[in-house]
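In what follows, chains are A, B, ... by sequence order, proteins preceding strands, each numbered from 1.
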2 protein chains.
Amino acid sequence: MAQKRTPPMKEKCCEFSKDLPDTIQKELDKKGGMEGLLARIPDASVLHASSRLHQALADPIRLTVMYSLLSQPLCVCVIKAVVNIADSKLSYHLTILKEQDFIVGEQQGNWIIYSITDNGRQALKCTERLGK
Amino acid sequence: MAQKRTPPMKEKCCEFSKDLPDTIQKELDKKGGMEGLLARIPDASVLHASSRLHQALADPIRLTVMYSLLSQPLCVCVIKAVVNIADSKLSYHLTILKEQDFIVGEQQGNWIIYSITDNGRQALKCTERLGK
DNA sequence: ACAATGTTTCAAGAAAATTTGAAACATTTG
DNA sequence: CAAATGTTTCAAATTTTCTTGAAACATTGT
């Protein structure tokens with residue numbers, strides 16, 4: 001089977017008109033040009049994961065839940081009393097926080113007790129930093 | 001005009017069935033009950049603002065832009081070369097980052113040069129913490 | 001096994017965020 | 001001032017996220 005030759009395609013990635021502002025161009029060159037710039041950006045997979053973490057925190061209801069659990073572990077019924085929304089809605093938001101390991105739930109008899117995780121605590125610290 | 005008496009309405013907020021797991025109930029009581037719990041949760045307006053901040057970071061394209069600008073100030077055309085998307089799309093994402101004061105743009109001749117702000121740098125530090 | 005309580009799951013609908021392409025705007029250059 | 005370049009704005013289409021209510025699941029007590 002004949003080996004397929006690499007087609008003579010133009011490098012599609014990372015092109016732009018020849019001249020940029022001088023200061024930009026110089027600094028870019030000094031730091032390894034486009035190649036250097038790209039090398040300093042985290043992998044797409046990392047950025048994707050980071051964006052999911054932020055996404056999970058990007059809702060007032062979910063932040064309210066996080067802050068509630070920062071006080072102490074709570075069963076769903078108490079959390080519900082805090083946020084004052086329908087059961088299924090709360091469950092949806094709890095799931096999103098669970099998926100990012102910000103909280104964990106443990107069945108205890110008839111109830112499920114949610115607690116904040118170390119990740120969750122970190123996340124709230126981040127949130128406060130962002131705010132200031 | 002007759003003074004309207006406070007109607008005998010049930011406190012609608014923050015109710016739940018009388019019995020909770022014992023450990024939860026005890027800790028809740030010790031910490032000021034529902035009232036104490038609620039008092040430790042930041043204001044809705046604060047949480048709303050925080051969620052917007054996270055929301056702005058909740059997209060891989062926007063994180064890529066932020067990391068690009070962490071290297072150095074850049075004109076839109078270079079950023080575009082990095083993220084490889086349509087102009088208008090990039091502009092949309094730049095606007096969102098601008099709105100949260102993570103980046104600023106300054107016109108310089110024909111170009112607009114974007115830079116990361118101190119808030120933006122903080123935000124990326126947060127992002128890294130979240131990840132680890 | 002059945003009823004009661006606490007919680008989650010599911011599918012459908014509603015709302016919000018993102019993408020797209022065309023048009024507009026701003027600045028520089030001829 | 002017209003053409004060229006760099007960037008933003010706008011409205012419509014698309015995609016994603018969120019909400020809702022009904023049904024299901026799990027545990028406990030009878």
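- What separates CD of Gln108(A) from P of dT7(C) is a distance of 12 Å, to the nearest Å.
- Checked by atom type and distance alone, the side chain of Ser115(B) never pairs as donor or acceptor with a backbone atom of Val104(B) at under 3.5 Å.
- The CD1-P distance, from Ile112(B) to dA26(C), rounds to 11 Å in whole Å.
- Tested against Gln72(A), the residues Leu70(A), Leu74(A), Leu69(A) include a single side chain to side chain contact (heavy atoms under 4.5 Å, CB included) partner, Leu74(A).
- One atom, CG of Asn84(B), and another, C1' of dT19(C), lie 15 Å apart when rounded to the nearest Å.
- Between Lys132(A) and Glu128(A), none of the side-chain N atoms (NZ, or NE/NH1/NH2) sits under 4.0 Å from a carboxylate O, so this pair counts as no salt bridge.
- Comparing Gln55(A) and Ala86(A), the nucleotide of DNA chain D nearest to each residue sits closer to the 5' end for Gln55(A).
- Contact between the side-chain N/O atoms of His93(A) and the OP1/OP2 oxygens of dT17(D) is not found at any separation under 4.0 Å.
- Protein atom CD of Glu99(B) is 13 Å distant from nucleotide atom C1' of dT8(D), rounded to whole Å.
- Nucleic acid contact class of Ile79(A) (heavy atoms, under 4.0 Å, all strands): none.
- For the OP1/OP2 pair of dA17(C) and a distance below 4.0 Å, the side-chain nitrogens and oxygens of Arg52(B) include at least one atom meeting the criterion.
- By the 4.0 Å N-to-carboxylate-O rule, Arg121(A) lies close enough to Asp118(A) to be salt-bridged with it.
- Leu97(B) has its CG atom 14 Å from the C1' atom of dT18(C), to the nearest Å.
- Among all heavy-atom pairs drawn from Leu57(A) and Ala123(A), the shortest one is CD1-CB, 3.9 Å.
- Along DNA chain D, the nucleotide closest to Lys89(A) and the one closest to Thr95(B) are compared, and the more 5′ of them pairs with Thr95(B).
- Along DNA chain C, the nucleotide nearest to Tyr92(B) and the one nearest to Gln107(B) differ in position, and the one closer to the 5' end is contacted by Tyr92(B).
- In the set dT8(C), dT19(C), dT8(D), the nucleotide with an atom closest to the side chain of Ile61(B) is dT19(C).
- Residue Arg62(B) places its side chain closer to dT18(C) than to any other of dT18(C), dT19(D), dT9(D).
- Dashed line: the shortest gap from a side-chain N or O of Tyr114(B) to OP1 or OP2 of dT8(D) is under 4.0 Å.
- Distance CD1 (Ile85(B)) to P (dT8(D)): 12 Å, rounded to an integer number of Å.
- Taking atom NZ of Lys98(A) as the reference point, atom C1' of dT9(C) lies 11 Å away to the nearest angstrom.
- What separates CG of Asp59(B) from P of dT15(D) is a distance of 16 Å, to the nearest Å.
- Side-chain proximity of Asn110(A) to the nucleotides dT7(C), dT8(C), dT5(C) is greatest for dT5(C).
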